[in-house]
Amino acid sequence: MRILFLILFPCLLAAQSRVQVIPQPYNIIETLGNFTLNANTKVYYPADKKDWATATEYLTELVKGGTGFALKIQAFKQKFTKAQPNIIYLLPDEKIKSAEGYELEVTAQAVLIRARTAAGAFYGIQTLRQLFPAQINGNLGLKEVEWLAPCCKISDAPRFQYRGLHLDVARHFFTVDFIKRYIDLLAIHKLNTFHWHLTDDQGWRIEIKKYPLLQQVAAWREETLIGHYSDEPIRYDGTRYGGYYTQEEVKEVVKYAQSRFVTVMPEIELPGHATAALAAYPELGCTGGPYQVHTTWGVIEDVFCAGNDKTMTFLDDVLTEVCALFPSTYIHIGGDECPKDRWKECPKCQARMKKEGLKDEHELQSYVIKRVEKTLIKNKKKLVGWDEILEGGLAPTATVMSWRGIEGGIAAAKSGHDAIMSPGSHCYFDHYQSDPANEPLAISGFTTLEKTYAYEPIPEALTAAQAKHILGAQANVWTEYMPTEEQVEYMAYPRVCALSEVVWSDKKLRNWQSFAARIPQHFARLNAMDLNYARSFYDIGSAYAGGFVTLKSGVPSIDVRYTKDGTEPSATSTLYRAPFALNESTTIRAAAYSGTTLLSKVIKVNYAIHKASGKPYTIGRTPTQYTGGETYALTNGVSGGTKTWNNWVGLVNRDLDPIIDFGEPTTFSQVTTHFVNAKGSWIHPPKSVTIFVSDNGTDFKLLKTLEIDYESLIGTTVESVRFDVPKSKGRYLKLVAKTTGVIPEGSPGAGNGAWLFLDEVIVE
Ligand code: ACM
Ligand code: ZN
């Protein structure tokens with residue numbers, strides 16, 4: 001009982017605490033009173049320490065922006081003995097164990113930030129800023145606000161040494177000013193690495209002096225895909241697009257990042273994702289081209305020729321210029337998604353394999369990575385690559401970035417290599433973060449704030465010794481579907497806030513309820529920064545089963561309000577308390593409120609009630625990936641659309657065969673269901689659909705089979721199948737949609753199992 005109390009107590013405290021910090025600090029002791037910041041507050045920092053001056057300058061700029069006060073700064077040499085009133089002290093302290101840790105003491109008199117390094121002091125400043133009113137994060141110079149920070153004593157240190165955030169500037173290009181803001185924001189969340197994805201098929205974005213065509217040709221594409229990659233027919237915008245960062249701009253970004261204690265890790269993609277470079281220098285490809293800077297997304301078969309010595313020279317030259325520009329020890333060389341088709345047919349690549357005794361094309365890829373590693377080592381750098389660099393043998397000192405799940409990280413750590421965890425399941429911020437029906441177009445996936453928050457970077461499969469190789473984690477922001485800066489912010493935040501707690505906070509302190517209770521105050525800070533963060537995690541989810549609608553919010557202590565009469569839910573609409581009955585077709589609108597403040601989008605669900613809606617069913621093989629989002633998605637009164645596949649029930653290379661239990665003998669004469677035809681996404685129509693009826697759930701009578709005209713279906717469509725049958729009666733209805741099986745030649749993904757997607761079995 002006592003133990004339970006101890007465990008629960010900190011969470012309860014968090015809700016009432018005056019200290020609401022993200023990421024959650026290691027230890028907080030709150031005391032009475034406040035420190036008041038005013039025009040006369042001074043900042044003391046240690047003389048002769050340049051990087052401490054950098055942290056000090058950051059603090060004064062921050063205060064100037066929010067409060068308008070130009071704080072006086074003073075370098076001091078004497079040993080600190082006693083705090084003088086109205087001074088913020090930045091104090092070097094060798095006793096602080098963690099290199100990035102700090103102690104922050106706020107009294108009514110003064111503020112003391114102790115750290116072993118300037119980076120630690122910088123993180124102390126980040127915590128201090130969260131103690132003041134949210135407007136301190138703005139740029140309005142609000143002198144009239146009472147700038148109080150609650151008295152407290154905080155000791156804090158990061159859990160992981162590598163805390164990263166990535167940005168893809170190849171698919172869409174962003175200004176230097178935006179890159180700086182992006183870095184500033186990640187530093188505010190105590191992340192310390194900016195992974196700058198600078199090259200890809202759709203554009204080469206860094207100036208390389210030795211190869212001017214990278215600037216003139218590789219940085220530009222003729223046009224850009226409109227809509228989703230899987231849409232058919234494909235449409236383009238007809239507008240030339242591109243740009244690159246000059247080496248001077250790169251230096252400016254690196255310097256800016258240093259002032260935020262952020263390391264910029266560049267990524268130069270090789271040997272795949274290389275068609276932009278090939279368009280400029282076609283002799284570096286296996287076929288010699290011509291190539292075009294890619295105008296759509298995906299994985300492209302044309303890659304750097306691994307048998308051509310010119311390619312190796314090019315990569316050496318590029319990486320040598322890159323190494324000189326970036327102080328980062330780590331240089332990312334990509335290594336992901338490199339199809340081997342061209343290498344298999346290329347005489348040069350085959351000759352290289354023979355000469356070097358390489359048994360297959362994976363070993364050839366490994367050969368390229370190992371050669372590149374030598375160049376990096378010569379430049380005193382370390383190689384990082386996506387987890388495909390494990391295939392064909394890992395380069396001797398490589399660090400693996402695990403993205404296709406956590407297996408790559410596990411394999412690396414088990415073999416004594418370092419790893420950075422970035423699994424798609426939790427760390428891909430290009431995924432949808434809420435019901436896609438209510439979200440702007442995204443690549444796919446479903447990674448809610450809560451899911452990111454729940455991520456644990458240390459895989460269970462590792463021993464304590466192996467776990468030391470997990471340097472940390474990062475999130476990736478791929479920008480195929482993020483053409484604007486606003487959209488990047490929307491996708492990154494607040495998931496970055498959740499990530500910050502994953503990589504910074506002690507594992508024991510991680511608690512979703514506590515985080516959800518702290519985030520409204522954090523949103524006030526992001527508002528002051530004018531950040532276009534998503535409020536999607538407030539959005540209401542709905543489910544229908546057994547005749548009752550359940551409305552769900554992932555956020556505690558929030559009012560869910562809804563209407564059934566077509567009006568927008570207001571602060572006085574019906575308050576949701578428990579599942580409510582729904583027996584006729586109705587449109588439900590729901591939203592989250594805090595008092596009279598609307599927090600979420602308004603969600604709208606059209607429930608079409610029929611004889612099977614709300615009824616339970618069993619299915620031969622329960623889907624695990626495409627579950628339809630709720631237990632009885634096939635009978636939840638809502639049909640799937642084309643915007644997302646998340647509402648569909650899907651299996652690969654298997655029949656879908658639900659047996660619906662009406663609960664009592666039921667008469668019907670019409671059954672309708674829907675399937676998806678999207679061969680570009682490997683989703684194929686069923687061969688046929690059959691319905692059966694039964695009284696006992698065991699002996700079924702076949703009622704009707706409909707064959708599907710497979711060939712006539714093109715593009716991405718939702719198709720319906722309607723059965724009109726003589727009046728039938730039974731307690732059970734079985735529907736069998738027969739899978740196409742393996743995807744036939746000529747279709748994308750040929751040879752793999754086809755997906756079969758079904759939604760809503762409507763019985764009337
Ligand atoms: C990746 O997402 N292709 C690393
Ligand atoms: Zn080749």
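Only heavy atoms go into these numbers, but all of them, side chains included; no hydrogens, no water, no symmetry mates. Both counts, for ligands and for their atoms, begin at 1 and track the order of listing.
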Open item on the list: Please list, in number order, the atoms of ligand 1 under 4.0 Å from a heavy atom of Trp478.
Closed with: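 Taking each heavy atom of Trp478 in turn, ligand 1 has 1 (C), 2 (O), 4 (C) under 4.0 Å.
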
Task: Those atoms of ligand 1 less than 4.0 Å from some heavy atom in Glu337 - done: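 Reading through ligand 1 atom by atom, the close ones are 3 (N).
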
Task: Trp386 N/O to ligand 1 N/O under 3.5 Å - done: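 There is no such contact.
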
Task: Over-ring placement of Arg535 relative to Tyr533, 6.0 Å and 45° cut-offs - done: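 Output yes; distance and angle both within limits.
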
- [ ] Look at atom 3 (N) of ligand 1 and say which protein heavy atom is nearest, naming residue and atom and giving the distance to 0.1 Å.
- [x]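 Answer, as residue, atom name and distance: Asp336 OD2, 2.6 Å.
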
TODO: Considering only non-hydrogen protein atoms, determine which one is nearest to atom 2 (O) of ligand 1 and report residue, atom name and distance to 0.1 Å.
DONE: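 Checked against all protein heavy atoms, atom 2 (O) of ligand 1 sits closest to Tyr428 OH, 2.6 Å.
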
TODO: Could you grab the angle centred on the Zn ion (ligand 2), going from SG in Cys349 to SG in Cys286, to 10°?
DONE: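 Between SG of Cys349 and SG of Cys286, the angle at the Zn ion (ligand 2) is about 110°.
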
- [ ] For the atoms SG of Cys346 and SG of Cys305, give the angle they form at the Zn ion (ligand 2), rounded to 10 degrees.
- [x]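 Rounding to the nearest 10 degrees gives 110°.
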
Task: Between CG on residue Leu315 and OG1 on residue Thr313, distance to nearest 0.5 Å - done: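 It is 8.5 Å, given to the nearest 0.5 Å.
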
Open item on the list: Looking at every heavy atom in both Arg205 and Gly243, which two are closest together, and how far apart are they?
Closed with: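 It is NH1-O, 2.8 Å.
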
Classify the ring geometry of [X] against [Y]: parallel below 30°, tilted from 30° to 60°, perpendicular beyond 60°.
X: Tyr245; Y: Phe173; answer: tilted
X: Trp386; Y: Trp403; answer: perpendicular
X: Phe194; Y: Tyr182; answer: perpendicular

